[in-house]
Amino acid sequence: MALELFNTLSGKIEPLFASDGHVLRFYCCGPTVYDYGHIGNFRTFLHVDLLRRTARLHGLALHHVMNITDVDDKIIRNAAAAGQPIAEYTTKYERAFFEDMDALNIERPEDIARATENIPGMVSLIERLAAQDIAYKAEDGSWYFRIARFPGYGKLSKKDLHGIEDGARVDLDEYDKDSARDFALWKATKPGEASWETPLGPGRPGWHIECSAMAIKYLGDSFDLHAGGEDLMFPHHENEIAQSEAATHHPFARHWFHVRFLLVEGKKMSKSEGNFFTLRDLLLKGYRASAIRFLLLSVPYRHQLNFTFDGLTESTNAIERLRTFHDRIRTGNWPESISVPHQDSSARPERSEGERPAVAAATSALTETIRKGNADFTAALANDLNTAEARAAIFDVLRAVNTAADHSRLTRFDAEETIALLDKFDSIFAVLNNGEADRDAELTRAALRWAEAEGRMADVSPDVLEKFGSTSLTDAAIDALVAERTQAKKQRNFARADAIRNDLLEKGILLEDSKDGVRWKRK
RNA sequence: GCACCGGUGGCGAAGUGGCUAACGCGCUGGUCUGCAAAACCAGUAUUCAUGGGUUCAAAUCCCAUCCGGUGCUCCA
């Protein structure tokens with residue numbers, strides 16, 4: 001089944017393909033590195049990651065380019081306030097951004113392009129526009145794009161700008177532009193601001209030009225897909241199309257992918273609402289990176305997601321169930337075949353009464369269920385990245401296989417089929433961590449170290465301090481207590497055994513007794 | 001104001017004209033267990049914001065109303 005994706009440009013769901021039949025070439029608008037990334041940012045990058053992984057599942061190779069905007073108004077303002085050179089200031093936040101991307105298991109793009117390292121490309125693009133009189137220099141030395149010269153303007157965001165009369169509502173003198181809608185390509189130097197000496201005159205790039213220049217540099221005049229948050233559709237992406245296509249006379253990106261904004265606790269995320277969260281904020285509150293990833297991916301990208309703490313807890317529990325299942329199937333010793341017929345009441349009722357419901361039939365029914373789950377999983381993702389359905393397909397299999405295992409009806413073959421499916425699931429969702437339960441804990445510890453270094457210990461929840469701080473129990477200490485409890489149980493001293501278990505539980509350590517001994521995990 | 005998106009069980013959410021309305025979390029009861037945990041089983045929406053309409057048939061299409069959100073300006 002072909003991978004289909006909604007295309008903002010056409011307004012339809014269309015097959016996504018590589019124009020060269022092999023490598024999907026795409027561009028994603030990256031962060032402006034003026035602060036720590038918030039969960040809204042990461043919803044977008046997470047879905048671009050989802051797109052990468054799904055495209056790979058469909059056999060596509062990837063050439064993904066992402067920009068880092070490392071010069072703009074906010075950066076200039078914040079760096080000045082911090083008394084730092086711009087480069088020093090942005091380096092810190094760029095590094096933090098990639099740490100966060102790693103924490104969320106977001107794959108790196110093939111190419112990272114920094115605005116400040118691509119000034120010449122932008123200048124030459126503007127020169128190409130100037131040569132056609134589409135770019136013009138205003139009195140203050142800034143360069144603008146003449147929208148009137150690009151007939152397709154508005155085709156992405158479906159805006160009809162004809163109704164907007166130049167100067168009707170806007171005092172043109174203030175802008176020094178020919179038309180109020182014309183946008184800046186190059187901003188003339190202002191005192192104290194970063195500036196580059198160029199043939200255009202001294203100044204710095206406008207916001208939009210960097211993406212055009214860098215996309216064209218790495219991907220060519222035309223490429224397969226362009227991605228970003230929904231807010232970028234207008235004016236950013238609209239302007240990118242205008243300046244790129246006017247300069248190259250070729251269609252820019254063919255497919256446009258926009259991720260919707262999220263709400264936090266039912267409201268728009270904003271600092272004034274007090275519901276503005278960075279990834280680090282959440283880690284310090286004790287939420288797991290994997291749960292954040294899973295929640296952010298669980299609602300399909302074209303829908304508004306209401307991000308809540310309850311939702312994080314839910315995701316944590318759902319992942320825990322998946323991991324428990326994964327471990328069970330991976331570590332279990334499943335028989336080659338089932339020889340003893342089972343007259344289990346919960347066995348799949350076969351219609352053919354007279355033919356004795358052979359166990360082989362039940363086993364093959366399970367194989368079918370697993371394969372159907374596998375097919376459903378792939379189909380759901382191929383259908384405009386429907387992650388909710390993809391999740392459901394996995395849980396359908398989980399239940400069926402657990403049931404079979406409970407009734408000694410799981411064969412090695414079906415177990416392997418299941419593991420293959422889970423591997424596929426995790427190649428997309430990347431929350432199982434290959435059984436490495438400690439990855440989340442390690443990320444939380446890293447966040448703690450960061451909080452210490454940045455003097456933000458006040459943001460750390462007491463819960464996290466207890467579990468991960470210096471006073472928390474070491475693995476060895478837990479093992480010792482578990483051993484003591486096992487001993488107590490042998491002597492049928494259940495009071496002592498339960499006391500140990502309860503004490504550990506209070507410290508966030510959950511014990512599970514099984515045939516193969518005691519397992520524990522940090523909650 | 002104009003434009004757009006959405007309102008489905010306690011919560012999240014899929015489904016967008018036709019099998020008994022997926023799936024997850026939670027809750028209740030059962031099985032298992034010394035007791036738990038994990039797992040499984042059963043129960044948790046006679047109904048899809050509300051009111052009309054179209055149709056043999058609607059959560060799905062149309063109209064109106066209410067509510068939430070978004071864009072039109074920096075924003076993922």
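Each chain gets a letter, A, B and so on, in the order its sequence line appears, and its residues count up from 1. All values below come from the heavy atoms of this structure, side chains included, with hydrogens, waters and symmetry mates left out.
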Item to check | All side-chain contact (heavy atoms from CB on, under 4.5 Å) counterparts of Arg371(A), not counting sequence neighbours | outcome: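 side-chain contact (heavy atoms from CB on, under 4.5 Å) check on Arg371(A) returns Thr367(A), Phe413(A), Glu417(A).
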
Item to check | Arg496(A), Lys490(A), Lys489(A) screened by salt bridge (Lys or Arg N to Asp or Glu O under 4.0 Å) with Glu484(A), the one that passes | outcome: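 Option passing the salt bridge (Lys or Arg N to Asp or Glu O under 4.0 Å) with Glu484(A): Arg496(A).
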
Heavy atoms under 4.0 Å, any strand shown: does [X] hit a base, just sugar-phosphate, or nothing?
| X | value |
| --- | --- |
| Arg519(A) | nothing |
| Pro31(A) | nothing |
| Asp498(A) | base |
| His38(A) | base |
| Gly40(A) | base |
| Phe395(A) | sugar-phosphate |
| Leu398(A) | sugar-phosphate |

Could you work out the separation of [N] and [M] based on their [atom1] atoms and round it to a whole Å?
| N | M | atom1 | answer |
| --- | --- | --- | --- |
| G9(B) | G26(B) | C1' | 12 Å |
| A21(B) | A76(B) | C1' | 34 Å |
| G71(B) | A59(B) | C1' | 28 Å |
| U47(B) | C5(B) | P | 29 Å |
| G24(B) | A38(B) | P | 15 Å |
| A58(B) | G51(B) | P | 15 Å |
| C74(B) | G68(B) | P | 27 Å |
| A45(B) | C2(B) | P | 41 Å |

Checklist entry - Between residues 68-77 of chain A and RNA chain B, which residues have a heavy-atom gap below 4.0 Å? => result Lys74(A)

Ignoring the backbone of [X], work out which of [options] is nearest its side chain.
| X | options | result |
| --- | --- | --- |
| Thr32(A) | G26(B), A76(B), G24(B) | A76(B) |
| Ala392(A) | A39(B), G24(B), C23(B) | C23(B) |
| Arg328(A) | A39(B), C72(B), G34(B) | A39(B) |
| Leu232(A) | C23(B), A76(B), A39(B) | A76(B) |

Checklist entry - In whole angstroms, how far is the C1' atom of G34(B) from the CZ atom of Arg496(A)? => result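 Arg496(A) atom CZ is separated from G34(B) atom C1' by 17 Å.
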
Item to check | Distance-only side-chain donor-acceptor flag, Ser157(A) / Glu238(A), under 3.5 Å | outcome: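 There is such a pair between these side chains.
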
Next on the checklist: I'd like to know if the side chain of Thr8(A) pairs up with that of His258(A) as donor and acceptor (distance under 3.5 Å, no hydrogens or angles considered).
Outcome noted: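 Side-chain D/A pair, Thr8(A) to His258(A): present.
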
Checklist entry - Does Asp376(A) come within less than 4.0 Å of Lys372(A), counting only side-chain N to carboxylate O? => result yes

Next on the checklist: Does this structure show an ion pair linking Glu94(A) with Arg114(A), if we count only N-O contacts that are shorter than 4.0 Å?
Outcome noted: yes

Could you go through nucleotides 7-12 of chain B and list every protein N or O atom that sits under 3.5 Å from one of its N or O atoms, giving the distance for each pair?
none

Next on the checklist: Tell me whether the ring of Phe261(A) lies stacked over the A76(B) base, given a 5.5 Å limit on centroids and a 30° limit on the plane angle.
Outcome noted: yes

Checklist entry - Does the A36(B) base have a donor-acceptor partner in the side chain of Arg501(A) within less than 3.5 Å? => result yes

Checklist entry - So Arg391(A) and Ser298(A), side chain to side chain donor-acceptor pair (under 3.5 Å) or not? Walk me through it. => result CA-CA 8 Å; Arg391(A) 263 182 64 150; Ser298(A) 289; 2.8 Å; yes

